[in-house]
Number of protein chains: 2
Amino acid sequence: MTNDPLPVVSPSETQILRILWDIGSGTVQEVSDALPVGRNIAYATVQTLLRRLEKKGYITHTLAGKAHVFRPVVQKSAVIGSAVRSFVDRLFGGDPAALVHYLAKNHEISAHELEKLQKMIESVPQNKG
Amino acid sequence: MTNDPLPVVSPSETQILRILWDIGSGTVQEVSDALPVGRNIAYATVQTLLRRLEKKGYITHTLAGKAHVFRPVVQKSAVIGSAVRSFVDRLFGGDPAALVHYLAKNHEISAHELEKLQKMIESVPQNKG
DNA sequence: TACGATATCGTACATTTGTACAACTTGTCA
DNA sequence: TGACAAGTTGTACAAATGTACGATATCGTA
């Protein structure tokens, strides 16, 4: 199993990648359209971000008519996993519980939700991606 | 309440800032020494990062002998809060519960810890920074 | 008072990131 | 078959980031 550390995904790139995971695959146009309101990036910019993501090996494309249809070639979990890890390292000294503690203390997650999640892990011993 | 959005703190800067929060205050040398093992940055680089943090308004310094002693002037909570928010926005569509869900599913936090946190918020109705 | 150790300051420079225009290509329709 | 619309490609460029050297200032000491 070759396991080169994946290149950095910049914030903007991450946003694009998230969209692709959501919609499965899409043209530049479709990805543009799927951008959250309030986040306006020019068509050409989305295109550049897609180009860079492809170069970095996160997505690929096929031709459909004259347009490129992009789709992810990496698992969401892999990218998110490494992003979360480096984030937790930097801000919480590598302790995920400290992050959750922060969220709880600041009412970003409710007791009810924590309870639900707690039950979830208690009932499901193995992670399934 | 004036609430200018603080300038971005880069990853490396964040690491430095975290050290200052931990040790309270310190010279370039002291901050350098406090870097986690495996994270070697040249003295001069630490110095630059401290300079930039000061320029951005996150830290200040006083003179002690010939050395500058730096210390944070922003609350850890403010910086962490905005970092967490933008991180959750980008990767989890703004839903903190989705992040915790991820951590739980991937065994980065235990049921026991979740329970503890759950009890904590149930017993403490108000956040106190 | 001159010297070494230790600091800071000015500056630099390659990369990455965000953003995007202008030019060229290619289906499609009249 | 020729023009238009929609796409892609090449290229650009400022700002941020990571990294650090060389010059200069200063404290303590011989």
Side-chain angles (χ1 to χ4, degrees), chain A residues 5-20 25-36 38-71 79 82-83 86-87 89-91, chain B residues 5-20 25-36 38-71 79 82-83 86-87 89-91:
Chain A
L6 293 158
V8 171
V9 191
S10 79
S12 290
E13 285 167 357
T14 306
Q15 203 160 34
I16 297 296
L17 199 46
R18 251 180 69 75
I19 291 174
L20 279 185
S25 71
T27 61
V28 178
Q29 193 65 83
E30 287 161 346
V31 171
S32 288
D33 293 346
L35 281 169
R39 174 63 168 141
N40 297 317
I41 317 178
Y43 181 98
T45 304
V46 173
Q47 210 165 19
T48 298
L49 292 171
L50 285 166
R51 266 186 272 175
R52 289 181 184 169
L53 279 170
E54 182 159 30
K55 185 164 179 197
K56 290 182 181 181
Y58 288 95
I59 67 179
T60 185
H61 76 267
T62 50
L63 227 35
K66 59 180 166 175
H68 288 181
V69 177
F70 295 89
R71 93 190 122 73
V79 175
S82 89
S86 79
F87 179 78
D89 279 355
R90 252 192 309 117
L91 266 93
Chain B
L6 293 157
V8 171
V9 190
S10 80
S12 290
E13 285 167 358
T14 306
Q15 203 160 32
I16 297 296
L17 200 45
R18 251 181 68 74
I19 290 173
L20 279 185
S25 72
T27 61
V28 177
Q29 192 67 117
E30 286 161 348
V31 172
S32 288
D33 292 347
L35 281 169
R39 174 62 169 144
N40 296 317
I41 316 177
Y43 181 98
T45 304
V46 173
Q47 206 166 25
T48 298
L49 292 171
L50 285 167
R51 267 186 268 177
R52 287 182 184 166
L53 279 170
E54 182 158 30
K55 184 163 178 197
K56 290 183 181 179
Y58 288 95
I59 67 179
T60 186
H61 76 266
T62 50
L63 227 35
K66 60 180 165 176
H68 287 180
V69 176
F70 296 89
R71 91 191 126 72
V79 174
S82 89
S86 79
F87 178 78
D89 278 356
R90 254 192 307 120
L91 266 93

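A, B, ... follow the sequence lines: proteins, then strands. Residue 1 opens every chain.
For the pair A/E54 CD and D/dG7 P, the interatomic distance rounds to 17 Å; values are reported in whole Å. Protein atom CG of A/L35 is 12 Å distant from nucleotide atom P of C/dA20, rounded to whole Å. The interatomic distance linking B/E30 (CD) with C/dT8 (P) rounds to 11 Å, in whole Å. Here C/dG27 presents its P atom at 8 Å from NZ of A/K66, a figure rounded to the nearest Å. Atom P of nucleotide D/dG7 and atom CG of A/L50 are separated by 13 Å, given to the nearest angstrom. Per the geometry, CD belonging to A/Q29 stands 18 Å off P belonging to C/dG27, to the nearest Å. Rounded to an integer number of Å, the gap from A/Q15 CD to C/dT17 P is 15 Å. With rounding to whole Å, B/Q47 atom CD is found 15 Å from D/dT19 atom P.
In this structure, A/I16 and A/E13 have side chains that are not in contact, with every pair of non-hydrogen atoms separated by 4.5 Å or more. In this structure, B/V46 and B/L35 have side chains that are in contact, with non-hydrogen atoms separated by less than 4.5 Å. In this structure, A/P7 and A/K55 have side chains that are not in contact, with every pair of non-hydrogen atoms separated by 4.5 Å or more. B/V79 places a side-chain heavy atom less than 4.5 Å from the side chain of B/Y58.
Positionally, the nearest nucleotide of DNA chain C for B/H61 lies more toward the 5' end than for the other of A/P11 and B/H61. Both B/T45 and A/R51 sit near DNA chain D, but only A/R51 has its closest nucleotide nearer the 5' end. Positionally, the nearest nucleotide of DNA chain C for B/Y43 lies more toward the 5' end than for the other of B/Y43 and B/R52.
Residue B/S12 places at least one side-chain N or O under 4.0 Å from the OP1 or OP2 atom of D/dG18. For B/S10 and D/dG18, the shortest distance from a side-chain N or O to OP1 or OP2 is below 4.0 Å.
Of the candidates C/dA20, D/dT19, D/dT8, D/dT19 carries the atom nearest the B/L49 side chain, counting heavy atoms from C-beta on.
Ring pair B/H61/B/H68 is parallel by interplanar angle, where below 30° counts as parallel and above 60° as perpendicular.
Residue-level contact check: B/A67 touches the backbone only, with heavy atoms under 4.0 Å from sugar-phosphate atoms and none from bases. If you check every strand for non-hydrogen atoms under 4.0 Å, B/T27 touches nothing.
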